[in-house]
Amino acid sequence: MTADANTFDSIGLASIGLSLPPLALPVEELAKLRGQDPKKYTLGLGCQEMSLCPADFGAVEMAVEAARRALGRWDGELDRIGMIVVGTESAIDMSRPLSAWVADELGLRGAVRSYEVKHACYGGTVALRQALEWKLSGAAGDKAALVIATDVALYALSDPGEPTQGAGAVAMIVDQPHIAAIDPISHPWSEPAFDFWRPVGESFPRVDGKFSLDCYKTAAENCFKAFVGDDNAERKLSELAAICFHVPFPKMVKKAFLHVGESFGWDFELANEIFSQKIDPNMGWNRQCGNAYTASLWMSVAEALAGLEGGQQIVAFSYGSGFGAELLTLTAGPEAAAGTWAADIESDLDSRTHIDAAGYEELRNVRLAASA
Ligand code: CAA
């Protein structure tokens, strides 16, 4: 491909790979430990299970596995990767980028730009946008980008965020749009805030929970308004095959979409109907994984794209605390219908081990001891 071929229709997702860690905890088990009604977690927050990592396993291992899976079903060779960029908030070093650990495992070296992007849960989306814009600029030439969103989301014991925990990785090769083209026009929104942050040296985030919900809703309202512009909001959103959100916990997404609907002057029934048809079905993998920070939105997008006919459009709303957000439009390509990457999630879900409340306590103690 030449730089001249880098038009909108020629750039997007050429391959996707996903990876979940080997352990899972049903939220009802956590409710037993915390003396909560399990319905608070299942109905109140919309959570089902959280993916968990053993002590010797984390963001790097998931990123490497997701990348291998994406590379394995891509029609290009490793020496065509000219950029590896990892979006994460699970950095293991303040200087060395997480991409270096992943590139080392993949045997990726030489004329390759390698770096890490941080902006809370929005980091993976920024990485993807940079890869897309690198391709669109012509600077990439014939090279492709390997973009990975990977995170381990753990809160302090008994933190209100604990039932929303999770972990996972999504790798995407940005090249020809076999799976989906990405529109170069997107709709960002940011406002500096302290809604969720993790000071240097601290193991767990500090969260202003209720404020974080307001920040997320503000961002969603502004991004969707920019997307709709002067069009009719109901028509524009109804035409989409799917609407995907960053999923900190599924109920957050519903609250945010009802808020977006309210800002368009819709009644509850209309917003709820669009939510049920276009949004809720894309959160099946998230419900079984929990919040995987940077990977959560892209897991939902991967689920939504699997099975779409070429030409069908979806939007993806990315949110990262701090806060920054962006709404992207994707158009399904010829390989979306086959949805081959769904096999990654199916096999990881099938093979993972479910632990109980006691197993969870033990795991957290081991992880705490390992990080001390
Ligand atoms: N049966 C059914 N529902 C119940 C119930 C029961 N027995 N008990 C409580 N509930 C409901 C409550 O009514 C409430 O529902 P509504 O919000 O619809 O009223 C829901 O369960 C949750 O209850 P609380 O509001 O009391 O929950 P909480 O305060 O303990 O925790 C939270 C909620 C603050 C969001 C917490 O989960 C948290 O801090 N999460 C982390 C922060 C977060 O995810 N923020 C999202 C935006 S920021 C972001 O997106 C970045 C990111 O990934 C972290």
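Counting convention: from 1, in listed order, for ligands and their atoms alike.
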Is the count of non-hydrogen atoms from other residues, nucleotides or ligands lying under 6.0 Å from Q277 atom CD greater than 12? yes
So for C121 against ligand 1, with non-hydrogen atoms under 4.0 Å, the contacting part is side chain
Would you please say whether a donor-acceptor pair under 3.5 Å links the side chains of T331 and Q313? yes
So, regarding N291 and ligand 1 (criterion: nitrogen or oxygen to nitrogen or oxygen, under 3.5 Å), is there a contact or not? yes
Is it the case that atom CH2 in W101 sees more than 12 heavy atoms from other parts of the structure closer than 6.0 Å? yes
Closest to atom 36 (C) of ligand 1 among protein heavy atoms sits P160 O, 3.5 Å
Protein residue, atom and distance nearest to atom 1 (N) of ligand 1, heavy-atom basis: K39 CB, 3.5 Å
Would you say the ring centroid of F317 lies under 6.0 angstrom from that of Y216? yes
Check ligand 1 against Y319 and write out every atom of the ligand that is under 4.0 Å from a heavy-atom position of the residue. 48 (S), 49 (C), 50 (O)
For atom 42 (C) of ligand 1, find the nearest protein heavy atom and state the residue, atom name and distance (0.1 Å precision). V207 CG1, 3.6 Å
Does atom CZ (F204) have a neighbourhood of more than 12 heavy atoms from anything else shown, all under 6.0 Å? yes
Taking only non-hydrogen atoms of M252 and a 4.0 Å limit, the atoms of ligand 1 in range are 46 (C), 47 (C)
Before signing off on this row, confirm whether D37 and ligand 1 have an N or O atom pair separated by under 3.5 Å. yes
Relative to atom 44 (O) of ligand 1, which among G44, S296, S318, P248 owns the nearest non-hydrogen atom? P248
Heavy-atom proximity to atom 26 (O) of ligand 1 ranks first, among K40, K217, K254, H246, for K40
Just wondering, more than 12 heavy atoms not from E77 lying within 6.0 Å of its CD? no
Which of the listed options, G161, G166, P38, holds the heavy atom that is closest to atom 40 (N) of ligand 1? G161
Ring-plane angle category for F196 and Y155, please: parallel below 30°, perpendicular beyond 60°, tilted otherwise. perpendicular
Within a distance under 4.0 Å of any heavy atom of K251, pick out the atoms of ligand 1 and give their elements. 18 (O)
Classify the ring geometry of W266 against F264: parallel below 30°, tilted from 30° to 60°, perpendicular beyond 60°. tilted
Just to confirm my output: which protein heavy-atom neighbour is closest to atom 29 (O) of ligand 1, and how far is it? K210 NZ, 3.2 Å
For Y216, atoms of ligand 1 separated by under 4.0 Å from a heavy atom: 50 (O)
For a side chain to side chain donor-acceptor pair (under 3.5 Å) check, start with the C-alpha distance between W341 and S15, then their side-chain angles and the critical distance, and finish with the verdict. CA-CA 8 Å; W341 53 92; S15 183; over 6 Å; no
One finds that the ligand 1 atoms under 4.0 Å from a non-hydrogen atom of F196 are 54 (C)
If we count only non-hydrogen protein atoms and require a distance under 4.0 Å, does atom 52 (C) of ligand 1 qualify as touching the protein? yes
Looking only at protein heavy atoms, what sits closest to atom 41 (C) of ligand 1 is Y155 OH, 3.6 Å
Regarding T294 and D151, is there a side-chain donor-to-acceptor distance under 3.5 Å anywhere? yes
Whether K255 lies under 4.0 Å from ligand 1, heavy atom: yes
If you scan protein heavy atoms around atom 22 (C) of ligand 1, the nearest is L45 CD2, 3.8 Å
Could you tell me whether atom 12 (C) of ligand 1 has a protein heavy atom closer than 4.0 Å? no
Proximal ligand 1 atoms for S212, defined as those under 4.0 Å from one of its heavy atoms: 42 (C), 43 (C), 45 (N), 46 (C), 47 (C), 48 (S)
Distance, nearest 0.5 Å, that separates OG of S300 from CZ of R287: 10.0 Å
Considering all protein heavy atoms, does one lie under 4.0 Å from atom 34 (C) of ligand 1? yes
How many angstroms lie between CD in E346 and CG in L18, if you round to the nearest 0.5 Å? 11.0 Å
State plainly whether the residues R198 and E89 are in salt-bridge range, i.e. N to O under 4.0 Å. no
